Amino acid sequence: MDYELIVIGGGPAGMAAALEASKNGVKQILILERAETLGGILVQCIHTGFGLHYFGEELSGPEYAGRFVVQVEENPDITVKPDTMVLDIVPGEGSHTVIAVNKADGLLELSCKAVVLAMGCRERPRGALNIAGSRPSGILSAGTAQKYVNLDGYMPGKEVVILGSGDIGLIMARRMTLEGAKVKMCCELMPYSSGLTRNIVQCLDDFGIPLKLSCTVIGVHGRERLEGVTIANVDENRRPIPGTEEYVPCDLLLLSVGLIPENELSRAAGVSMDRVTNGPVVGQDRETDIPGIFACGNVLHVHDLVDFVTLESQQAGKGAAAYIQKGTPAERTFIPTKGVNGVRYVVPQKVDKSAVEPVKLYFRVGEVHKNAQVRVRCGETELVKKRRPRLAPGEMEDLIVKPEQLASLPPNAVLTVEIVK
Amino acid sequence: MPNTVREMICIACPLGCGLKAELSESGEILSVTGNSCKRGDSYARTEITNPTRSFTSTVKLTGGTRPVVSVKSKAPVPKGKMADIAEVLKSVTLPAPVQIGDIALPDAVGTGVDIVVTDRVSAA
Amino acid sequence: MSEQKKYDVAVIGAGVVGALIARELSRSHIRIVWLERCNDVAQGTTKANSAIVHAGFDAKPHSVKARMNVDGNRLMGQVCEELHVPFHRNGSLVVAFTEEEVGTLKSLIARGQENGVPDLRLLSKEELHAMEPNLNADAPAALYAPTGGIVSPYELCIAAAENAVTNGAELRRNYEVKTIDTTEEGFLLSNGAEQIAASLVINAAGVYADKVARMIGDETFTIKPRRGEYLLLDMSMGGVVDKTIFQCPSPMGKGVLITPTVHGNVLIGPSAEDIEDKEDLDTTDAGLRSIQTAVKKSVPGFAIRDVITSFTGLRAHDDKDDFIIGASEANPRFVNVAGIESPGLTAAPAIAKYVARLVSAILDDPPKKADWNPIRPEPLRLREMTPAQRKALIAQNAAYGRIICRCETVSEGEILDAIHAPAGARDIDGVKRRTRAGMGRCQGGFCGTKVLEILSRELGLDPTQVTKFGGESRVLVGKTK
């Protein structure tokens with residue numbers, strides 16, 4: 001066996017999982033990272049707002065990542081291979097093989113007892129949106145623009161329209177403005193923003209950038225470089241309303257229209273996937289349905305706060321450590337979880353009935369609700385109920401179920417998470 | 001001159017209440033409405049009297065593995081000063097290597113707040 | 001004006017037709033200059049079409065189209081083998097949806113046989129559905145053409161360009177021919193800044209062929225671009241059909257096709273619309289939706305998801321409704337290769353051979369090169385290699401161990417090869433078409449910045465000068481500070 005644990009991805013999820021596994025006694029841990037440095041996407045997220053929950057202070061992305069990078073570097077149990085791309089994961093009985101490639105080692109075939117999938121997510125590109133029009137330069141995903149501006153020191157445009165009010169788009173509205181660009185507007189297809197309220201206030205309102213709700217880009221113009229876009233309001237079925245078209249001159253269109261977990265490796269390995277989260281189906285220790293393969297962070301479901309990525313990944317690291325040391329328990333009963341009545345998904349998708357610690361059920365709602373109640377029930381039995389002043393699709397929610405509640409559940413139980421009308 | 005009303009969204013919690021603050025001719029706050037709790041009231045008052053923000057940007061780097069490095073204000077700065085700070089930072093250049101916490105610009109535009117490096121970049 | 005250079009032949013246009021012509025001409029001892037107005041080859045119709053190698057039952061018997069189609073189909077295998085271009089003879093089906101359309105199929109078979117298309121036959125309902133189980137179960141019959149195939153058009157063009165340049169053709173990019181003067185020795189071409197003399201001109205300028213012909217006073221034809229919009233779907237949609245599925249042509253139109261691509265994606269389209277603007281490559285909401293509706297007629301259960309991209313191609317439709325290949329009436333040393341719309345891709349190898357014979361005749365049979373090399377070496381493709389091959393390659397050159405495009409597993413070594421190849425990549429789209437970097441699910445979201453960095457380094461360009469596809473299509477407008 002080359003390693004006890006191989007962690008794929010050295011962003012916040014991978015680092016937290018590796019550190020937690022080490023803390024729980026795992027000795028030979030390898031992190032495979034495709035970039036030159038650890039830290040993942042946080043390295044380019046130079047704005048602050050990270051760490052309020054986990055560290056109790058407001059850090060920038062590089063600072064938040066830096067705190068874990070230092071720990072990883074100082075940890076003798078953890079080896080890091082940067083600039084390394086994993087090509088394949090071949091699951092086996094009691095041992096998995098990870099195939100990767102880099103310049104220094106060439107092709108690597110590494111065996112390990114357990115794998116943590118922590119590859120993160122990617123941005124939804126233009127093609128997936130089917131915006132009509134020409135194919136000029138000047139159309140970028142917000143994250144790509146963020147890399148050019150924050151890491152490379154280059155401006156991808158001067159007059160900007162942002163499509164989608166995801167957090168990266170909002171953050172980039174402010175960044176581009178502070179770097180001297182004119183951000184003309186942010187268009188959001190839905191009647192509400194998917195970004196955090198804080199970001200709408202501090203990234204748009206502060207700079208007088210209008211947020212146009214129920215509005216989308218229906219056409220792009222320009223042969224070589226983008227010259228403008230046509231925007232239009234949309235009806236309740238998200239179809240453009242004729243007569244509301246407006247031409248907006250700009251040389252840069254930034255897309256912030258959603259994130260997709262990067263699960264090509266997970267799928268190729270044969271891990272079962274959740275069609276709503278686009279991530280693997282896991283238990284509360286974040287183990288997938290292939291024993292010894294765990295998943296955490298944005299590869300599992302897209303998070304809005306890195307603090308929760310860290311917490312979730314620690315569970316995965318701990319779970320991996322337990323698996324490495326004790327293997328799979330001989331007898332295990334899983335209770336499936338399910339989101340209904342406005343709850344789009346629940347992670348974990350199943351809960352071990354014999355859990356010894358409280359289980360946090362993360363979930364997302366499909367629409368904005370004010371002053372609502374959320375609850376977990378099993379059949380007609382209510383296990384937890386909480387009031388929430390506001391529920392929004394952009395903000396992840398959680399409810400905690402206690403071990404004794406799980407233990408008392410009948411066979412064939414299902415944990416249902418819902419909004420109470 | 002009549003009294004003026006300023007509208008804003010409260011970010012003290014995720015509820016995002018729409019606040020309305022009524023201001024007198026002299027700029028005195030007469031009332032805050034639309035809030036669901038006390039925090040909304042104080043948020044509105046701070047936003048009107050002394051709004052502050054965390055400021056983040058980058059500065060040029062020489063001799064490093066990257067051409068720029070990220071920076072932030074060590075404490076929130078007055079909202080109105082952000083553009084001035086951004087302007088001053090254009091002429092700041094640091095030599096690599098840099099560490100998290102290195103001072104890029106002391107006492108930014110008289111705010112008393114230092115602009116500090118938030119990432120580590122080694123020398124090329 | 002700088003000093004002018006003299007050539008035997010000037011080929012105008014670096015689409016797939018111009019590329020295969022330049023390659024064929026490079027067999028002879030003649031000086032060839034090959035002029036392209038864009039920053040790369042394959043920038044017009046070649047980069048956006050159905051990518052189909054047609055069997056040849058569609059064209060009107062005894063037309064130039066019919067002959068070139070059937071000949072080109074026969075030649076395609078060898079050309080793609082020599083140039084290492086992905087080509088797959090997957091066979092085509094024309095599906096009838098009514099008994100009336102079965103009659104149309106029978107006349108198509110008769111027409112195909114007259115054109116010399118081999119092995120055409122009518123499939124019964126049972127045979128059809130055994131062959132393509134996802135097709136509309138009500139379809140009563142289909143025409144099966146086993147010689148139909150699929151090819152990567154831009155790769156064919158790029159490979160032919162590389163091979164032509166290797167064999168001595170001189171490719172000049174960003175050279176837009178603006179005027180052509182007739183001289184005693186032949187022609188003087190100019191882009192407004194630099195003159196090029198050639199004793200013979202081949203006009204393979206695609207949708208601009210009429211404009212180029214006008215430069216010597218040839219007004220015998222007009223090109224009216226016909227716009228076609230397509231949707232390219234992710235590999236996860238692959239396998240929905242094995243053959244290229246055409247809908248039976250009806251008075252309502254030609255119908256849309258659904259086909260696998262040589263890279264395992266699924267392509268659907270085209271919509272069809274005649275337009276005036278030769279640069280109008282906009283996709284339209286209506287066009288894209290019409291394709292989605294029409295394709296469901298062929299495959300009712302087809303769910304349009306995982307769309308990678310949509311694109312528009314312009315087909316060089318001429319008013320004569322046949323290929324125009326031959327010496328111009330205005331000047332016998334000016335050869336038009338115009339109106340090469342569908343099945344132009346299929347016909348291209350045959351057109352190239354035909355034009356080369358014509359040129360030979362005009363230039364009094366110049367001798368052939370003894371050392372002409374028909375082979376364009378196969379580009380190294382990490383993603384297609386066995387682990388042992390990968391290991392050996394990376395040991396030899398570490399650049400193949402640095403993966404730049406994660407979606408398509410493209411290494412830095414492959415990108416360097418693409419940039420430094422003959423007629424190599426000069427922009428981001430050029431790298432994409434040669435290596436597939438940026439062609440996957442994230443559409444360059446991650447690797448775009450790295451490809452830009454590599455282009456900047458290798459070509460000695462400032463990052464702000466690197467373009468998506470030449471001209472003003474720069475990605476970065478300046479430094480932040």
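Within every chain, numbering begins at 1; the chains are lettered A, B, ... in the order of the sequence lines, protein sequences first and strands thereafter. Here the structure is a predicted model, which means the values were calculated and not measured. Worth knowing before you read on, the calculation uses all heavy atoms, side chains too, and leaves out hydrogens, waters and symmetry mates.
- Annotation: maximal heavy-atom pairing with chain A below 4.5 Å, among R390(C), E412(C), R383(C), E453(C), occurs at R390(C).
- In this structure, the portion of D251(A) lying under 4.5 Å from any heavy atom of chain C is its side chain and not its backbone.
- With a 4.5 angstrom heavy-atom cutoff, L87(A) touches chain C only via side-chain atoms.
- By the neighbour-count criterion of 12 heavy atoms within 6.0 Å, atom NZ of K211(C) is sparsely surrounded, having that number or fewer from other residues, nucleotides or ligands.
- With hydrogens and angles disregarded, a donor-acceptor distance shorter than 3.5 Å links the side chain of T144(A) to the backbone of G445(C).
- In this structure, chain A has heavy atoms under 4.5 Å from both the backbone and the side chain of L476(C).
- Pairing each heavy atom of T480(C) with each of E179(A), the nearest pair is O-OE1, 3.4 Å.
- Contact record, L107(A) with K391(C): O-CE, 3.8 Å, taken as the closest heavy-atom pair.
- Heavy-atom distances place the side chain of T409(C), and not its backbone, under 4.5 Å from chain A.
- Salt bridge present: R406(C) and E262(A) bring a charged side-chain N and a carboxylate O closer than 4.0 Å.
- Looking at L393(C), there are no atoms closer than 4.5 Å to chain A (heavy atoms on both sides), in backbone or side chain.
- Atom CZ of R457(C) sits in a crowded spot, with more than 12 heavy atoms from other residues, nucleotides or ligands closer than 6.0 Å.
- The backbone N or O of R474(C) lies less than 3.5 Å from a partner atom in the side chain of R225(A), making a donor-acceptor pair.
- If you tally non-hydrogen atom pairs under 4.5 Å between each of E264(A), R223(A), K158(A) and chain C, the highest count goes to R223(A).
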For this session: Run the numbers on F446(C) and E123(A) for side chain to side chain contact (heavy atoms under 4.5 Å, CB included), then give the verdict.
Result: CA-CA 9 Å; F446(C) 287 113; E123(A) 296 179 280; over 6 Å; no

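- Between the side chains of S310(C) and R135(A), at least one donor N or O lies within less than 3.5 Å of an accepting N or O.
- Heavy-atom minimum distance, K479(C) versus M155(A): O-CG, 3.9 Å.
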